[in-house]
Amino acid sequence: MAIKHFLQLADFTLDEFNYVMERARIIKRKFKEYQIYHPLLDRTLVMVFEKNSTRTRLSFEAGMHQLGGAAIYLNTRDSQLGRGEPVEDAGQVMSRMCDIIMIRTFGQDIIERFAAHSRVPVINGLTNEHHPCQVFADVFTYIEHRGSIAGKKVAWVGDANNMLYSWLQAAQIFDFHLNISTPKGYEVDLSRVPKEQTNYTLFDNPSDACEGVSLVNTDVWTSMGYEAENQARLKAFDGWIVDQAKMSRALPDALFMHCLPAHRGEEVSAEVIDGPQSVVWDEAENRLHIQKALLEYLVIGRVA
């Protein structure tokens with residue numbers, strides 16, 4: 001049987017996503033009711049970090065402990081990977097000493113090469129190209145609050161970064177339409193979008209992108225690894241702040257999401273992120289529950 005990895009959203013079918021979300025609902029309820037649930041007793045997760053993290057490390061490490069297993073943190077600065085050990089060799093060695101591996105790194109090619117040489121499942125905790133765990137948790141959060149996302153309109157306002165490309169994949173899988181508005185010079189790379197994909201619309205005006213949507217989503221203007229561009233980005237993204245005026249163009253019951261950390265007054269106003277339409281804290285917490293269900297599924301398969 002082939003090893004199942006989760007390196008981008010396109011790796012799973014809708015049926016698999018629906019199954020994992022149902023498991024996340026059950027696991028979340030157990031967590032809230034203080035029920036002990038240890039399906040991964042004596043199993044080990046290795047977490048490899050090349051990029052800094054708060055939510056990814058905490059949610060995976062806490063989640064593995066809550067499932068009865070152990071989590072080991074490795075930073076490439078403190079390991080042989082940081083001294084030039086081939087990714088392929090690291091994949092061979094690490095996967096002989098644990099049950100599942102999560103990697104947060106730069107290029108998607110790194111995690112693809114690692115997974116190709118791993119004997120255990122590999123999860124993408126973030127790359128420059130994709131952030132599948134975050135967008136999975138975001139879709140789960142929307143469904144928790146509003147029901148099915150199928151047929152809805154979702155707005156993306158900001159940078160064409162890893163989050164957006166994962167949202168584009170989510171639109172295909174969960175059957176919703178994505179309105180995208182990015183500043184000039186930071187547009188979507190259409191070569192990375194399947195030619196057959198038609199369920200998205202590009203907008204020059206970010207306010208227009210929010211018209212009639214059920215969810216407005218944004219992210220920081222300067223992602224990790226692009227800090228040298230910060231001043232240029234602040235100028236280019238002027239006008240792309242998600243403020244109350246843009247939210248007023250959305251449906252009255254529209255939600256606001258941000259994967260965090262956020263910069264109030266830049267990509268989002270304090271009025272919006274701290275307002276009644278914001279679900280950013282539920283969104284952050286749901287990383288824990290979705291990832292616990294993902295760990296369970298990848299390590300032991302479907303639970304009867």
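One is the number of the first residue; the rest follow in order along the sequence.
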Distance-only criterion, 3.5 Å: show the donor-acceptor pairs between side-chain atoms of residues 210-218 and protein atoms not counting sequence neighbours.
from: Glu211; atom 1: OE1; to: Arg249; atom 2: NE; distance (Å): 2.6
from: Glu211; atom 1: OE1; to: Arg249; atom 2: NH2; distance (Å): 3.3
from: Thr218; atom 1: OG1; to: Val157; atom 2: O; distance (Å): 2.6

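Only one option out of Asp159, Asp219, Asp238 pairs with Arg233 in a salt bridge (Lys or Arg N to Asp or Glu O under 4.0 Å); it is Asp159. Paired with Phe17 under the rule ring pair (Phe, Tyr, Trp, His ring centres under 6.0 Å), one option of Phe140, Tyr297, Phe136 passes, and it is Phe136. Exactly one of Glu283, His289, Gln291 qualifies for a side chain to side chain donor-acceptor pair (under 3.5 Å) with Arg287. That residue is Gln291.
Around the CG atom of Leu190, the shell of radius 6.0 Å holds more than 12 heavy atoms that belong to other residues, nucleotides or ligands. Around CG of Asp42, the count of heavy atoms belonging to other residues, nucleotides or ligands within 6.0 Å does not exceed 12. Counting heavy atoms of neighbouring residues, nucleotides and ligands inside a 6.0 Å radius, atom CG of Asp204 does not exceed 12 of them. Atom NZ of Lys152 is surrounded by more than 12 heavy atoms from other residues, nucleotides or ligands within 6.0 Å.
Applying the side chain to side chain donor-acceptor pair (under 3.5 Å) test to Tyr73 and every residue at least two apart in sequence or in another chain returns Asn75. Here Asp99 pairs with Arg43, Thr44 under the side chain to side chain contact (heavy atoms under 4.5 Å, CB included) rule; sequence neighbours left out. For Glu144, the salt bridge (Lys or Arg N to Asp or Glu O under 4.0 Å) partners are Lys28, not counting sequence neighbours. Residues passing the side chain to side chain donor-acceptor pair (under 3.5 Å) test with Ser181, sequence neighbours excluded: Trp240. By the ring-ring contact (aromatic ring centres under 6.0 Å, His included) test, Phe60 is found to be paired with no residue, residues two or more places apart in sequence or in another chain being considered. Partners of Arg192 by side chain to side chain donor-acceptor pair (under 3.5 Å), not counting sequence neighbours: none found. With sequence neighbours excluded, no residue forms a ring-ring contact (aromatic ring centres under 6.0 Å, His included) with Tyr37. Looking at residues two or more places apart in sequence or on another chain, you find a side chain to side chain donor-acceptor pair (under 3.5 Å) between Asp274 and Arg264.
Residue pairs satisfying the salt bridge (Lys or Arg N to Asp or Glu O under 4.0 Å) criterion with at least one member in residues 30-39, sequence neighbours excluded, are listed as follows: Lys32-Glu285. The stretch residues 5-27 participates, sequence neighbours left out, in these salt bridge (Lys or Arg N to Asp or Glu O under 4.0 Å) pairs: Lys4-Glu16, Asp15-Arg302, Glu22-Arg25, Arg23-Glu296. For residues 241-275, the set of pairs meeting the ring-ring contact (aromatic ring centres under 6.0 Å, His included) definition, not counting sequence neighbours, is empty.
Side-chain atoms of Thr141 and Asn286 include a donor-acceptor pair closer than 3.5 Å.
Side-chain contact between Phe237 and Thr182: absent, with no pair of heavy atoms (C-beta onward) separated by less than 4.5 Å. Residues Met163 and Asp138 form a side-chain contact, since some pair of their non-hydrogen atoms from C-beta on lies under 4.5 Å apart.
For the atom pair Ile27 CD1 and Lys292 NZ, the distance stands at 6.5 Å (nearest 0.5 Å).
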task: Run the numbers on Tyr200 and His177 for ring pair (Phe, Tyr, Trp, His ring centres under 6.0 Å), then give the verdict.
output: CA-CA 5 Å; Tyr200 67 94; His177 194 92; 7.7 Å; no
